[in-house]
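Here is the structure we will look at, set down as structure tokens.
Within every chain, numbering begins at 1; the chains are lettered A, B, ... in the order of the sequence lines, protein sequences first and strands thereafter.
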Amino acid sequence: MQRTLVSHALNAASPMDGILLQGWVRTRRDAKAFSFLEINDGSCLKGLQVIVDASLPGYDQIARATTGSSVEIVGRLVPSQGQGQKWELVATSFAVVGDADSTYPLQKKGHTLEFLREIAHIRPRSNLFGAVFRVRSRLAYAIHQFFQERSFVYVHAPIITASDCEGAGELFRVTTLDPKNPPTSPDGSVDFSQDFFAKKTYLTVSGQLEAEVFACALSNVYTFGPTFRAENSHTSRHASEFWMIEPEIAFCALDGNMDLAEEFVKYLIRDARKHCAADLEFFGKFVDKDLLPRLDFVLERPFQRCTYTEAIDILSRSGRNWEHPVSWGANLQSEHERYLAEEHFKCPVTLYNYPRTLKPFYMRVNEDGKTVRAMDLLVPGIGEIIGGSQREERLDVLLENMRQHQLSEKEYAWYIDLRRYGSVPHSGFGLGFERMLMFVTGVANIRDVIPFARTPGTAGF
RNA sequence: UGCCCGGUAGCUCAGUGGCAGAGCAGGUGACUGUUAAUCACUUGGUCGUAGGUUCGAUCCCUACCCGGGCAGCCA
């Protein structure tokens, strides 16, 4: 007999006989002559109510069907006599598959997110985390769909890299050397030429440079994979291991890049609204009351666009007392970004044309010589969700930038070659997948949108 | 890494320089087409760890550990 998932049973158009239900007990309520079971199998937020009559063989085992136990039920799907649900299953056979004793940590009542993080192996069985990870799965699918529909080629960037590219934060070293007794050079330093890859290697912080290589061959590409930062960040929006989507488009300037980013973000929101409707309604009810109106508002409105210079002007004239002073050439701080997205524009806003001195070597220098074609997409509540730029395609300017950043031409020879042979204007950006999930679900902590979060000091599961 | 808040029952929390508390969960019983069921009774504690002050510390002080928040770094 084939298993029927709860989601399929609940969407039934008519009664069904002899269906097999397998899942986990959420609650049991005993009446005199029968018991109610609520069974969840993760296929959707809601459970299926099951009636187990006391006359059934095996009913003597009903006491084992505690919260958290797994059960297997065959029965008839019929319209419910009760108020809370359309369908219910009248059992014709009932069996406990796996017991869960009274130490089962999930109660019928709500738990704090902090407690649930400590039981990361159990929390997917809760309503909230079931919903979060269904949305995560759906959006991963939608990401591929978005790019494949537009003829982008999916590129797998390496996880292990030799370039500590663009100085985007601290890197995790990858080595097989014995930490207690590493080989050394005559000068006493560790001799990495004897390491596994015969040089220093790291976990990647970004697939961008590799994506550029493929964009300069296949035109429109994207990466979607894990990236790693060894930053000692203790915030609700930083993780040591996170997933990033990085499209790279040949023959594309900054305007096209900003257009794509906006289209992409809206596409993902629209997809979740459509395909994860019940889960999003749950978030709107229990996580963030303003979630659904905010998402719909974001879908309806064009994102605002504003140059860095205009932003500095807005911030200077805001009349605020900034903790960090506002001046042209200084980095925008959290308080500034929050003000722009949440109070001034009250909507996602793309800032672009940043001072050259604030940005990495590969960004396209503008005609003014002072700014580069960088863009950051800021969203209310989270801040930066996308960072990107048009890339510097002129060989001489790129080399000059690298000299200013004191980068080795030798290490980046392959990257420089892209400008030497058939160079084209090209652009791309990185979207933090978990930050996007936070925005779509309203979940405020990045640790709660990753199945098993890695943050400084924590890798317990 | 800096600053701030917290750590008391399985969970969420109250509390006091002098006998350790509640709600929920768990257990027992009753009741019931129930649905975070309800009602009655009930089990449950190294008060984060180590020092110190004190006649006496869960409470005050110090250090450390753990969790969280904010900032920086970024996605």
Side-chain angles (χ1 to χ4, degrees), chain A residues 26-39 46-53 63 66-68 78 80-85 88 90 100-119 122 126-127 166-170 204-208 226-246 261 265 286 323-324 331-338 358-360 375-379 382-388 429-439 444-450 455-458 460:
Chain A
R26 282 295 177 77
T27 68
R28 188 184 86 234
R29 295 175 291 272
D30 295 324
K32 189 158 251 163
F34 55 92
S35 293
F36 295 104
L37 294 177
E38 190 192 328
I39 306 301
K46 288 198 73 168
L48 183 59
Q49 173 159 288
V50 177
I51 317 294
V52 184
D53 196 88
T66 54
T67 300
V78 301
S80 177
Q81 298 173 31
Q83 288 299 309
Q85 57 282 316
E88 64 189 15
V90 177
D101 68 18
S102 63
T103 63
Y104 183 69
L106 289 184
Q107 302 175 5
K108 295 162 200 172
K109 277 197 139 189
H111 289 290
T112 61
L113 295 172
E114 289 80 8
F115 172 69
L116 290 167
R117 270 173 222 148
E118 293 170 5
I119 50 168
I122 303 293
S126 66
N127 283 335
E166 33 169 330
E170 294 291 313
T204 184
V205 295
S206 163
Q208 179 201 316
T227 51
F228 307 86
R229 306 276 165 94
E231 294 288 348
N232 195 11
S233 300
H234 293 258
T235 81
S236 54
R237 52 188 196 286
H238 290 86
S240 312
E241 177 182 310
F242 63 99
W243 284 56
M244 193 151 59
I245 302 102
E246 295 179 286
V265 166
F286 293 105
E323 194 179 324
H324 303 270
N331 254 317
L332 295 180
Q333 307 296 327
S334 272
E335 57 174 339
H336 307 139
E337 296 185 345
R338 269 207 313 275
L358 296 178
K359 294 292 180 180
M375 59 177 238
D376 282 354
L377 175 60
L378 313 178
V379 297
I382 295 168
E384 183 177 348
I385 197 170
I386 280 178
F429 62 83
L431 170 71
F433 186 40
E434 284 78 12
R435 289 192 181 169
M436 185 68 204
L437 281 167
M438 292 166 72
F439 189 62
N445 197 307
I446 198 166
R447 298 170 182 88
D448 299 325
V449 295
I450 306 179
T455 52
T458 304

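On a pure distance criterion of 3.5 Å, a polar donor-acceptor pair joins the side chain of A/His238 and the base of B/C73. Judged by atom type and distance alone, A/Arg237 does not reach the base of B/C70 through any side-chain donor-acceptor pair under 3.5 Å.
Rounded to whole Å, atom C1' of B/A75 lies 11 Å from atom CD1 of A/Ile382. In this structure, NE2 of A/His324 is placed 12 Å from C1' of B/G2, rounded to the nearest angstrom. Whole-Å rounding puts the A/Leu113 CG to B/U12 P distance at 11 Å. In this entry the distance linking CD of A/Glu337 with C1' of B/A71 reads 13 Å, nearest Å. In this structure, CE of A/Met436 is placed 13 Å from C1' of B/A75, rounded to the nearest angstrom. Atom pair A/Glu231:CD and B/A71:P shows a separation of 16 Å (rounding to whole Å applied). Going from atom CG of A/Leu332 over to atom C1' of B/C74 covers 14 Å, rounded to whole Å. The interatomic distance linking A/Leu116 (CG) with B/C11 (P) rounds to 11 Å, in whole Å.
Looking at heavy atoms from C-beta onward, A/Met436 lies in side-chain contact with A/Ile385 at the 4.5 angstrom threshold. Annotation: side chain of A/Leu106 is in contact with side chain of A/Leu116 (closest heavy-atom distance under 4.5 Å).
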Where protein sits on nucleotides 24-36 of chain B, one letter per nucleotide: B base, S sugar-phosphate only, - none, heavy atoms under 4.0 Å: SSS-----BBBBB
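Among the heavy atoms of the strands lying under 4.0 Å from A/Ile446 is at least one base atom, whether or not backbone atoms are also near. Within the nucleic acid shown, A/Thr455 has no heavy atom closer than 4.0 Å to any nucleic acid atom. Here A/Arg447 lies in heavy-atom contact (under 4.0 Å) with sugar-phosphate atoms only. Backbone-only engagement by A/Thr112 is indicated by non-hydrogen atom pairs under 4.0 Å involving sugar-phosphate atoms exclusively. Note on A/Ser35: nothing from the nucleic acid sits closer than 4.0 angstrom, heavy atoms only.
To the nearest whole angstrom, the two C1' atoms, one in B/A25 and one in B/C11, are 7 Å apart. A distance of about 13 Å separates the P atoms of B/G45 and B/G21, rounded to the whole Å. Rounded to whole Å, the C1' atom of B/G26 lies 29 Å from the corresponding atom of B/U49. Nucleotides B/G2 and B/G72, compared at atom C1', are 9 Å apart to the nearest Å. For the P atoms, the distance linking B/A30 with B/G67 amounts to 46 Å, nearest Å. A distance of about 33 Å separates the P atoms of B/C60 and B/U42, rounded to the whole Å. Separating the P atom of B/G56 from that of B/G15 is a span of 27 Å, rounded to the nearest Å. Distance check on atom P: B/C5 versus B/A63 gives 14 Å, rounded to whole Å.
Judged by distance alone, with hydrogens and angles left aside, the side-chain atoms of A/Arg229 form a donor-acceptor pair with the main-chain N or O of A/Val205 at under 3.5 Å. A side-chain donor-acceptor contact under 3.5 Å links A/Glu335 to the backbone of A/Glu323. Panel note: side chain A/Arg435, backbone A/Glu384; a donor-acceptor pair is recorded below 3.5 Å. Side-chain N or O atoms of A/Thr67 include one that pairs as donor or acceptor with a backbone N or O of A/Arg26 at under 3.5 Å. Judged by distance alone, with hydrogens and angles left aside, the side-chain atoms of A/Ser233 form no donor-acceptor pair with the main-chain N or O of A/Thr235 at under 3.5 Å. Under the 3.5 Å distance criterion, the side-chain polar atoms of A/Ser80 are left unmatched by any main-chain donor or acceptor of A/Glu88. The closest donor-acceptor contact from the side chain of A/Glu246 to the backbone of A/Gly430 lies at 3.5 Å or more, if one exists at all.
Among the nucleotides B/A71, B/C74, B/U1, the one closest to any side-chain atom of A/Arg338 is B/A71. Closest approach to the A/Phe115 side chain among B/U1, B/C11, B/C73 is made by B/C11 (side chain taken as heavy atoms from C-beta onward). Minimum atom distance to the side chain of A/His234 is reached by B/C70, of the listed B/G68, B/C70, B/C11. Nearest nucleotide to the side chain of A/Glu114, out of B/C73, B/G68, B/A75: B/G68.
Here the CD atom belonging to A/Glu241 is positioned 11.0 Å from the OG1 atom belonging to A/Thr455, to the nearest 0.5 angstrom.
Considering only side-chain N and O atoms, A/Asn331 lies under 4.0 angstrom from the phosphate OP1 or OP2 of B/C73. For the OP1/OP2 pair of B/C70 and a distance below 4.0 Å, the side-chain nitrogens and oxygens of A/Ser236 include at least one atom meeting the criterion.
Tested against A/Pro456, the residues A/His234, A/Glu231, A/His238 include a single side chain to side chain contact (heavy atoms under 4.5 Å, CB included) partner, A/His234.
If A/Asn445 and A/Gly432 are placed on RNA chain B by their nearest nucleotide, the residue sitting closer to the 5' end is A/Asn445.
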Dot-bracket encoding per residue of RNA chain B, Watson-Crick/G-U cut-off under 3.5 Å, | denoting interstrand: (((((((..((((....[..)))).(((((.......))))).....(((((..]....))))))))))))....
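B/C19 shows a glycosidic angle within 90° of 0 and is accordingly assigned syn.
Ring planes of A/Phe34 and A/Phe36: perpendicular class, angle over 60° (limits at 30 and 60°).
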